[in-house]
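All remarks here apply to the structure that follows.
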Amino acid sequence: MELEEFMNSETLTLEFKKDLPKEKEQYLKTAVAFANGNGGKIVFGVRNNTWEVAGISRDDIFAVKDEVVNSIYDCCEPRIVPEAGITTIDGKLVLVVTIHAGMQKPYYIISKGMMNGTYVRVCGTTRQAEDFTVKELHFISTNRHFDQLPAAQPVSEERIHALCQRLTAHARKRCKELGREGQLDELSKSHLLSWNVLTKRDGKIYPTNAFLLLEGTSDEFPDSMIRCACFKGTVRNIIIDRMDITGPVDEQVEEALKFVLRNLHLGARIEGAQREDILELPRDSIREMIANAVCHRSYMVPGKIQVAIYDDRVEVTSPGRMSPELTIDELKNGHSIIRNEAIAAVFVWTHLIEGFGLGIPKIFDDSERYGLKEPTMGDIGTSFRISMYRRDFEFDEFGVMEPTFRYNAGREHANDTPAAILNVLRKHPEYSQADIAKETGIDINNVKYHVRMLKEKGKIRRQGTSHKGIWIVL
């Protein structure tokens, strides 16, 4: 096998070692980091950086294998059971040690202790985990969520009622904006209990961290803030506008959205006698970016959510790295692991987000429809960042945008994604959502999202069962 073939055939993270290091801690750190993340492979016999295949002699290969496997098993806690195989690359023997993602995080080197011996992968390198990262890994392994931890003191019925009233008012405002009036009941204490915004213990009702963050009056969360800034140019140099937003986390989303909107171009397009106001970036996607940051941020990682506007992009940065159990491609396809499930449940109910896992696909789909550069996302240090890119538009003296601009720039269909779906259903009412995705080339998660939106807006309805029914275009 050639080295390029080996690397291209692997999807897990790779780490290369020219030979067996004298200090076994060098590969123990990597093994621990892989177990704390997505897993990976350590290849002995290939020089790091240059990827020169040095190989391991036939006389030594089995001794190296035993040494590595035994060291990883004996020196790490919880136990890591590696898989080791010998293969030939470029005609030379190498040892490939596979470490699977662990279920009992955090993993650490026993001799260094948990707080000093826990390692994670950051941008392809192995780094010692910060104290807050160790704590968060422990939360992940025990399937707990920071926002669902109960407070020390019970909560009064008056405070519960006040929060329910405020969130109901917020949700109704959102429903009105979406044209869905009359589709919402009053938020109740039972809702909050079912979402773990409240918890019951010993016959008393306690607020969780989610309740306190939604209430927005507690001083226990000094980093619960969205820091907004608009910069001149493409770097953080000259500030044009800035704002720090505090208070209830759902209202923070709305205020941050207003900040972004007032710093973007608003133009119009004239077609016949109709004038249509056009924002240079899709408003719903901006809201999704900000709301997702609140749902997914880590309150164990010090720092505030940052919304930054540059000449060429809008970027949202939230404390806490991407879940080690996810990849960028999985995020694009709608997979989601939510850090703050209670807050996310409230955001879905209030229509701040459309649903779990739908936000990222929508952002990418909207960027394509607007003819924008594809968004970028990934870890930046101990934070996660997503960027949506602006484009230059020409305006006349009346603020009318260039006539060549269309929401669906570069798309096959004459209108946007919902119109494409409606066109297919008119011709093939028997199609499943998977059939629609295949016919249009639209990602299945986007199809599911838009079908649900079309149903809620009364554009389509389902006649019969989900398996044997047909779609009726209204």
Side-chain angles (χ1 to χ4, degrees), residues 166 169-179 216 223-270 275-295 297 303-318 347 350-354 359 362-363 366-367 369-373 375-377 385-402 405-407 409:
R166 190 187 66 75
H170 190 175
R172 285 179 174 163
K173 179 182 177 182
R174 284 290 297 137
C175 285
K176 184 176 181 180
E177 293 171 353
L178 296 168
D223 283 335
S224 177
M225 174 191 297
I226 300 180
R227 177 158 287 170
C228 302
C230 180
F231 298 92
K232 181 179 180 180
T234 59
V235 296
R236 298 193 178 200
N237 189 2
I238 302 174
I239 298 178
I240 299 173
D241 192 7
R242 69 184 303 169
M243 181 184 222
D244 283 348
I245 303 169
T246 58
V249 289
D250 58 306
E251 293 183 358
Q252 287 185 30
V253 174
E254 300 289 9
E255 292 304 312
L257 175 63
K258 291 177 185 177
F259 178 90
V260 175
L261 295 183
R262 77 169 182 245
N263 284 288
L264 293 181
H265 295 131
L266 177 66
R269 188 173 66 219
I270 305 295
R275 175 187 173 98
E276 181 184 7
D277 287 336
I278 300 293
L279 186 68
E280 66 167 297
L281 293 179
R283 179 193 302 258
D284 288 345
S285 286
I286 299 170
R287 187 193 301 272
E288 285 280 352
M289 289 170 66
I290 300 169
N292 276 340
V294 175
C295 291
R297 71 150 294 168
K304 301 164 179 63
I305 294 173
Q306 299 179 38
V307 176
I309 305 169
Y310 302 90
D311 288 353
D312 63 339
R313 68 194 186 279
V314 174
E315 65 182 29
V316 178
T317 308
S318 55
F347 277 21
T350 53
H351 298 284
L352 281 177
I353 58 177
E354 291 297 344
K362 176 175 175 54
I363 292 166
D366 281 351
S367 291
R369 290 193 296 111
Y370 264 66
L372 307 174
K373 176 183 174 182
T376 57
M377 55 186 179
R385 177 176 294 167
I386 180 167
S387 300
M388 178 172 273
Y389 290 88
R390 306 170 70 178
R391 56 168 286 193
D392 292 329
F393 296 106
E394 294 181 3
F395 300 87
D396 63 18
E397 65 271 25
F398 303 107
V400 176
M401 190 174 287
E402 55 179 295
F405 172 69
R406 292 293 184 272
Y407 290 115

**Message:** Taking the side chain as everything from C-beta on, heavy atoms only, tell me whether Ile286 gets closer than 4.5 Å to Leu264.
**Reply:** yes

**Fill in**
Between Ser285 and Met388, the two heavy atoms sitting closest are CB-CE, 3.6 Å

**Asked** Going from CG on Asn292 to CZ on Arg287, what distance comes out if it is rounded to the nearest 0.5 angstrom?
**Response** 12.5 Å

**Asked** Under the 3.5 angstrom rule, does the side chain of Arg174 hit a backbone N or O of His351 as a donor-acceptor pair?
**Response** yes

**Request:** Using the side-chain contact (heavy atoms from CB on, under 4.5 Å) rule, take Arg313 and Thr234 through it: C-alpha gap first, then chi angles, then the decisive distance, then the call.
**Result:** CA-CA 8 Å; Arg313 68 194 186 279; Thr234 59; 4.1 Å; yes

**Item:** Residue pair Ala308 / Phe231: nearest heavy atoms and the distance that separates them
**Value:** CB-CE1, 4.0 Å

**Request:** Provide the closest heavy-atom pair for Arg242 versus Ile239 in the form atom of the first, atom of the second, distance.
**Result:** NH1-CD1, 3.8 Å

**Residue list, salt bridge (charged side-chain N to carboxylate O under 4.0 Å, His left out) with Asp223, at least two apart or on another chain** = Lys304

**Message:** So, using ring-ring contact (aromatic ring centres under 6.0 Å, His included) as the criterion, who are the partners of Tyr389 when residues are at least two apart?
**Reply:** none

**Asked** Should Cys228 and Glu255 be marked as a side-chain contact (heavy atoms from CB on, under 4.5 Å) after you check the CA-CA gap, both sets of side-chain angles, and the distance that decides it?
**Response** CA-CA 10 Å; Cys228 302; Glu255 292 304 312; over 6 Å; no

**Message:** Can you confirm whether Ile353 sits close enough to Glu288 that some side-chain heavy atom of one is under 4.5 Å from a side-chain heavy atom of the other?
**Reply:** yes

**Prompt:** Can you tell if the side chain of Tyr370 reaches within under 4.5 Å of the side chain of Leu281, non-hydrogen atoms only?
**Reply:** no

**Request:** Check Ile226 against Val253 and note the closest heavy-atom contact, atom names and distance.
**Result:** CD1-N, 4.2 Å

**Item:** Nearest-0.5 Å distance, CG of residue Asn263 to NZ of residue Lys258
**Value:** 14.5 Å

**Message:** Going by the rule salt bridge (charged side-chain N to carboxylate O under 4.0 Å, His left out), which residues pair with Arg236 if we only count those two or more places apart in sequence or in a different chain?
**Reply:** Glu315

**Message:** Measuring only between side-chain heavy atoms, which start at C-beta, is Arg262 closer than 4.5 Å to Cys230?
**Reply:** no

**Complete:** Note: Ala291 and Leu352 closest approach over all heavy atoms is CB-O, 3.9 Å

**Message:** Closer than 3.5 angstrom, by distance alone: can the side chain of Arg283 be matched with the main-chain N or O of Leu261 as a donor-acceptor pair?
**Reply:** no

**Message:** Strictly below 4.0 Å, N to O, side chains only: are Glu254 and Lys173 in salt-bridge contact?
**Reply:** no

**Prompt:** What closest approach, in Å, do Ile305 and Val316 show between heavy atoms, and which atom pair accounts for it?
**Reply:** CG2-CG1, 4.3 Å

**Item:** Pairwise distance CZ(Phe347) to NE2(His170) - rounded to 0.5 angstrom
**Value:** 8.0 Å

